[in-house]
Amino acid sequence: MPELPEVETVVRQIAPGVEKRTIRGLDLYWARTLSGGTRARVERAIVGARIARSYRRAKWIVFELAAGRGALLVHLRMTGRLFVRATKEPASDYVRLSLALSGGKRLDFEDVRKFGRVHWCADPNEVFESLGPEPLADDFTAEDLHMALTSRRRMLKPLLLDQTVVAGLGNIYVDETLFASGLHPLTASDRLGRADTERIHTNMRRILARAIECQGSSFDVFYRTPEGQPGRFQDEFLAYGRDGRPCRNCGTELIKLTVAQRGTHVCPVCQPKPRRRRVAKKKRTARRTDTTSTSRP
DNA sequence: CGGGTATCCTGATAGC
DNA sequence: TGCTATCAGGATACCC
Ligand SMILES: [Zn+2]
């Protein structure tokens, strides 16, 4: 469900409901949802702690606790959701963890597929160390991106999905960015020129910013804002989920590929396969003597 | 190092 | 209609 724009929306909407409240208790309904310590250890750290502030880093939602009690980091993965409810409201389906809060509220973490995590840590930097830059940060330049992409040879799409390179993109926004940039997802990253990386940088930031304005993208039951509304950016998709439909740019039918085990939507005309080689082929088969060859298409 | 695959889970829906 | 196969906004641990 959640990529940078959805997570940003969740943080903005959830913040007023939790900041300045004190955690009174922890209810855990799926053990593996909680990480970063045993339940007892985490409970000892957070119960009685006040939530000082909340913010987003990459796809993490961060609840910073006051008085050196560490932080709770929430990752929604595929189907996670957060809602603030009144204590007396009945529990909804798929609640995996719930924090009792002061003021008669609670914070529910729901997650159909159970991939999401609520992670406690003494210092969030432990987790953030391995993350790349925020794509919307003022100091994230096209030059930074150029270096990050061209300093190694990787397939372009998996590289953009790699959170250590740029933090926050997922399958939707990578497909949209590549379409807008006219680049094939299998392009070898070290073959990108300045003009290419410049376009990726510009388009990525424009698309993410616009998607935040739209409060993210919804196209099934999973992603809802904490206020319960679907996002609106799906109405502006040019690539994601549009396979079999005409390209908005040239009219050609979009196709769907699989890249890095992810559904990948491309216009075969606007995003031509790189002429040269794509990413390193493994050139096994030292020499074919052809003695055993049978069928050869 | 880079890329492919399996794994964690459940439910919606496409296809027969 | 009913059953089964496929797929899903993520990330990571292995294997070659
Ligand atoms: Zn096109």
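Per chain, numbering begins at 1; letters A, B, ... match sequence-line order. This one's a predicted model, so the numbers in the text were calculated from it and none came from an experiment.
Using a cutoff of 4.0 Å between basic side-chain nitrogens and carboxylate oxygens, Glu89(A) and Arg106(A) are not scored as salt-bridged.
What you find for Asn249(A) and Cys270(A) is that their closest heavy atoms are ND2-SG, 3.2 Å. Here the shortest heavy-atom pairing between Arg69(A) and Ala45(A) reads NE-O, 2.8 Å.
In this structure, the side chains of Leu99(A) and Phe63(A) stay at 4.5 Å or more apart for every pair of heavy atoms. Counting heavy atoms from C-beta outward, Leu107(A) and Val84(A) have side chains that approach closer than 4.5 Å.
As a whole-Å value, the separation of Ile172(A) CD1 from dA8(C) P is 12 Å. Distance CZ (Arg191(A)) to P (dG2(B)): 17 Å, rounded to an integer number of Å. For Arg154(A) and dG4(B), the CZ to P distance is 11 Å, given to the nearest whole Å. Going from atom CG of Leu161(A) over to atom P of dT12(C) covers 13 Å, rounded to whole Å. Taking atom CG of residue Leu4(A) and atom P of nucleotide dA11(C), one finds them 11 Å apart after rounding to whole Å.
Distance from the side chain of Arg152(A) is smallest to dG2(B) among dG3(B), dG2(B), dA11(C).
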**OP:** Assess whether side-chain contact (heavy atoms from CB on, under 4.5 Å) is satisfied between Arg154(A) and Asp162(A), documenting all intermediate values.
**Re:** CA-CA 11 Å; Arg154(A) 292 272 302 275; Asp162(A) 185 336; 3.7 Å; yes
Write down the protein N/O and nucleotide N/O pairs, taken from nucleotides 4-7 of chain C, whose separation is under 3.5 Å; answer none if there are no such pairs.
none

Check: protein-nucleotides 8-10 of chain B nitrogen or oxygen pairs below 3.5 Å:
{"unit_1": "dC8(B)", "atom_1": "O3'", "unit_2": "Arg32(A)", "atom_2": "NH1", "d": "3.1"}
{"unit_1": "dC9(B)", "atom_1": "OP1", "unit_2": "Arg32(A)", "atom_2": "NH1", "d": "3.0"}
{"unit_1": "dC9(B)", "atom_1": "O2", "unit_2": "Arg113(A)", "atom_2": "NE", "d": "2.7"}
{"unit_1": "dC9(B)", "atom_1": "N3", "unit_2": "Arg113(A)", "atom_2": "NH2", "d": "3.1"}
{"unit_1": "dT10(B)", "atom_1": "OP1", "unit_2": "Lys114(A)", "atom_2": "NZ", "d": "2.6"}

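By the side chain to side chain contact (heavy atoms under 4.5 Å, CB included) test, Ser92(A) pairs with Arg85(A), Val95(A), Glu110(A), sequence neighbours left out.
Contact between the side-chain N/O atoms of Arg153(A) and the OP1/OP2 oxygens of dG2(B) is not found at any separation under 4.0 Å.
Contacts of Asp111(A) with the nucleic acid, taken as non-hydrogen atoms under 4.0 Å apart, are absent.
In this model, a donor atom of one side chain and an acceptor atom of the other lie less than 3.5 Å apart for Tyr173(A) and Glu6(A). Gln215(A) and Glu227(A) share no side-chain donor-acceptor pair at under 3.5 Å.
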Show me the donor-acceptor pairs, under 3.5 Å and distance only, between side chains in residues 25-44 of chain A and residues at least two apart or in other chains.
{"unit_1": "Thr33(A)", "atom_1": "OG1", "unit_2": "Trp30(A)", "atom_2": "O", "d": "3.3"}
{"unit_1": "Thr38(A)", "atom_1": "OG1", "unit_2": "Arg41(A)", "atom_2": "N", "d": "3.0"}
{"unit_1": "Arg39(A)", "atom_1": "NH2", "unit_2": "Leu26(A)", "atom_2": "O", "d": "2.8"}

Expected list for residues 229-236 of chain A: side-chain donor-acceptor pairs under 3.5 angstrom, two or more places apart:
{"unit_1": "Arg232(A)", "atom_1": "NH2", "unit_2": "Glu213(A)", "atom_2": "O", "d": "3.4"}
{"unit_1": "Gln234(A)", "atom_1": "OE1", "unit_2": "Ser218(A)", "atom_2": "N", "d": "2.9"}
{"unit_1": "Gln234(A)", "atom_1": "NE2", "unit_2": "Ser218(A)", "atom_2": "O", "d": "3.4"}
{"unit_1": "Gln234(A)", "atom_1": "NE2", "unit_2": "Gly231(A)", "atom_2": "O", "d": "2.8"}
{"unit_1": "Glu236(A)", "atom_1": "OE1", "unit_2": "Arg210(A)", "atom_2": "NE", "d": "3.0"}
{"unit_1": "Glu236(A)", "atom_1": "OE2", "unit_2": "Arg210(A)", "atom_2": "NE", "d": "3.2"}
{"unit_1": "Glu236(A)", "atom_1": "OE2", "unit_2": "Arg210(A)", "atom_2": "NH2", "d": "2.6"}

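Stems are defined here as 3 or more consecutive Watson-Crick or G-U wobble pairs with pairing distances under 3.5 Å; those involving DNA chain B are B:2-8 with C:10-16, B:10-16 with C:2-8.
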